[in-house]
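For this chain, numbers begin at 1 and follow the sequence in order.
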Amino acid sequence: CWTIEMTGNSPAREERDEARLVASSRRGDSAAFGELVRLHQRRVFRLAGRFFPNREDVEDVAQETFVTAWKKLDTYKAKAPFEHCLTRVCLNCCYARLRRKRPVELPFETDVQAPDGDVNAHMEVEKLLRPLKPVDRFILLLLDGEGWSVREIAERLGWTAVNVKVRAHRARRKLRKMLEQEP
C-alpha cells in the first residue's frame with residue numbers, strides 16, 4: 001500500500017529530483033521508482049477516482065498505471081514532465097477499463113461545480129451522463145469535470161486537437177438530444 005506525503009520543495013528542485021529518479025529507475029532502481037510513485041500517486045488516484053465510483057476500481061487503475069509506467073519507462077523521452085506521461089498512462093488505463101466495464105456510474109464529487117452547489121444538480125448530471133458511451137463520458141468529464149483544455153487533452157492522450165473537439169461536439173450533441181427527449 002502506498003502512503004501519501006507532502007513535500008515542501010520548490011518546483012525547480014522537484015523537477016531535478018524527478019529527472020534523477022527517472023534516470024535511476026531506468027537503470028532498474030525500484031526504490032527510485034517507488035519515490036516516483038510516492039510523488040505522483042495522489043494525482044493518479046484522484047484522476048482515476050473521477051471515472052470510477054468504487055475504491056477497488058480506482059486502486060486497480062492506479063496499480064495498472066504504475067506497472068505500465070514501469071514497463072515503458074525506457075520510452076519516456078523527457079520532453080514534458082514525467083507527470084504528463086504518467087497522466088497519459090492513467091487516462092489510457094481509465095479509458096480502456098471504461099470500454100471493458102459498461103455501464104459505469106461516474107462519481108461526481110463536490111468539487112464538480114453545479115448551479116448554486118445544488119446536490120440534486122450533481123445527481124442529475126450523473127444520471128444524464130450514465131447512458132452515454134464511455135468515450136463520450138470520458139471526454140465530457142475531462143473537459144467539463146476536470147476543466148482541461150482541448151490542447152491538454154490532446155497532448156496527454158496522444159489525440160489531435162481536432163479529434164478532441166469532434167468527440168466533445170458529438171458527446172454534447174448526444175447529451176442535448178437526450179435532454180430534448182426527456183418528458
Side-chain angles (χ1 to χ4, degrees), residues 11 14-15 18-19 22 36-37 39-54 57-73 75-115 121-122 124-179:
E14 286 178 5
E15 285 179 28
E18 185 176 86
V22 168
L36 285 172
V37 168
L39 286 172
H40 298 290
Q41 67 185 352
R42 180 177 295 215
R43 174 74 175 142
V44 168
F45 274 84
R46 184 184 151 313
L47 188 57
R50 302 289 290 158
F51 294 95
F52 301 100
N54 71 46
D57 285 333
V58 172
E59 289 173 352
D60 288 348
V61 167
Q63 182 173 357
E64 185 179 344
T65 297
F66 289 117
V67 168
T68 301
W70 173 255
K71 288 179 180 177
K72 296 188 177 217
L73 198 55
T75 65
Y76 172 60
K77 304 269 189 275
K79 292 179 182 175
F82 183 71
E83 179 185 4
H84 290 193
C85 174
L86 200 55
T87 300
R88 182 177 183 172
V89 171
C90 182
L91 288 173
N92 286 330
C93 290
C94 288
Y95 184 54
R97 192 173 193 89
L98 281 172
R99 285 191 314 234
R100 288 190 308 264
K101 197 177 171 163
R102 197 180 165 201
V104 138
E105 293 184 25
L106 296 174
F108 286 92
E109 299 167 1
T110 56
D111 62 337
V112 175
Q113 298 299 312
H122 289 290
E124 203 52 40
V125 169
E126 182 179 342
K127 180 182 168 187
L128 286 171
L129 290 180
R130 191 175 303 135
L132 292 176
K133 290 181 180 179
V135 69
D136 295 335
R137 290 192 314 263
F138 188 73
I139 200 71
L140 290 179
L141 184 57
L142 290 176
L143 281 169
D144 301 325
E146 287 291 312
W148 289 17
S149 70
V150 168
R151 186 178 64 71
E152 287 173 314
I153 295 169
E155 286 175 0
R156 298 219 184 154
L157 290 176
W159 296 351
T160 65
V162 170
N163 190 358
V164 173
K165 289 177 185 178
V166 167
R167 287 177 187 227
H169 173 74
R170 288 179 182 163
R172 287 183 176 127
R173 188 176 63 209
K174 289 175 189 173
L175 193 56
R176 196 174 309 116
K177 195 175 203 178
M178 288 170 35
L179 284 170

Inset, instruction - Could you list the residues that satisfy side-chain contact (heavy atoms from CB on, under 4.5 Å) with Lys165, not counting sequence neighbours? - result: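 Partners of Lys165 under the side-chain contact (heavy atoms from CB on, under 4.5 Å) test: Val150.
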
Legend entry - Sequence-distant partners of His84, side-chain contact (heavy atoms from CB on, under 4.5 Å), two or more places apart: Ala80, Pro81, Arg156

Compare every heavy atom of [Y] with every heavy atom of [X], then report the nearest pair and how far apart it is.
X	Y	answer
Met178	Pro131	CE-CG, 3.4 Å
Ala161	Ala154	N-CB, 3.8 Å
Thr65	Val89	O-CG1, 3.5 Å
Leu140	Ala168	CD2-O, 4.4 Å
Val61	Cys94	CG1-SG, 3.6 Å

Legend entry - Leu98 and Phe52, any side-chain heavy atoms less than 4.5 Å apart: yes

Legend entry - Side chains of Leu143 and Trp148 in contact at under 4.5 Å (non-hydrogen atoms):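 No, their side chains stay 4.5 Å or more apart.
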
Would you compute the distance between atom [atom1] of [X] and atom [atom2] of [Y] and round it to the nearest 0.5 angstrom?
X	Y	atom1	atom2	answer
Gln63	Cys93	CD	SG	10.5 Å
Asn54	Glu59	CG	CD	9.0 Å
Arg167	Arg170	CZ	CZ	8.5 Å
Ile153	Thr160	CD1	OG1	12.0 Å
Phe51	Cys90	CZ	SG	8.0 Å
Asp136	Leu141	CG	CG	12.5 Å

Inset, instruction - With side-chain contact (heavy atoms from CB on, under 4.5 Å) as the test, would you mind laying out the steps for His40 and Glu18 before giving the verdict? - result: CA-CA 10 Å; His40 298 290; Glu18 185 176 86; 2.6 Å; yes

Inset, instruction - Evaluate the criterion side-chain contact (heavy atoms from CB on, under 4.5 Å) for residue pair Phe82 and Leu36; output intermediate values, then yes/no. - result: CA-CA 9 Å; Phe82 183 71; Leu36 285 172; 4.1 Å; yes

Inset, instruction - Identify whether the distance between the nearest side-chain nitrogen and carboxylate oxygen of Asp144 and Arg172 falls below 4.0 Å. - result: yes

Legend entry - N-O pairing of Asp57 and Arg97 below 4.0 Å: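 A salt bridge is present here (some side-chain N lies under 4.0 Å from a carboxylate O).
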
Inset, instruction - Decide yes or no on side-chain contact (heavy atoms from CB on, under 4.5 Å) for Leu157 and Leu142, but give the supporting numbers first. - result: CA-CA 11 Å; Leu157 290 176; Leu142 290 176; 4.1 Å; yes

Inset, instruction - Just do the side-chain contact (heavy atoms from CB on, under 4.5 Å) check on Val166 and Trp159 with the steps written out, would you? - result: CA-CA 11 Å; Val166 167; Trp159 296 351; over 6 Å; no

Legend entry - Tyr95 and Phe138 aromatic ring geometry - parallel, tilted or perpendicular at 30°/60° bounds: tilted

Inset, instruction - Keeping the roles fixed (side chain from Asn92, backbone from Arg88), state whether a donor-acceptor pair exists under 3.5 Å. - result: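 Yes.
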
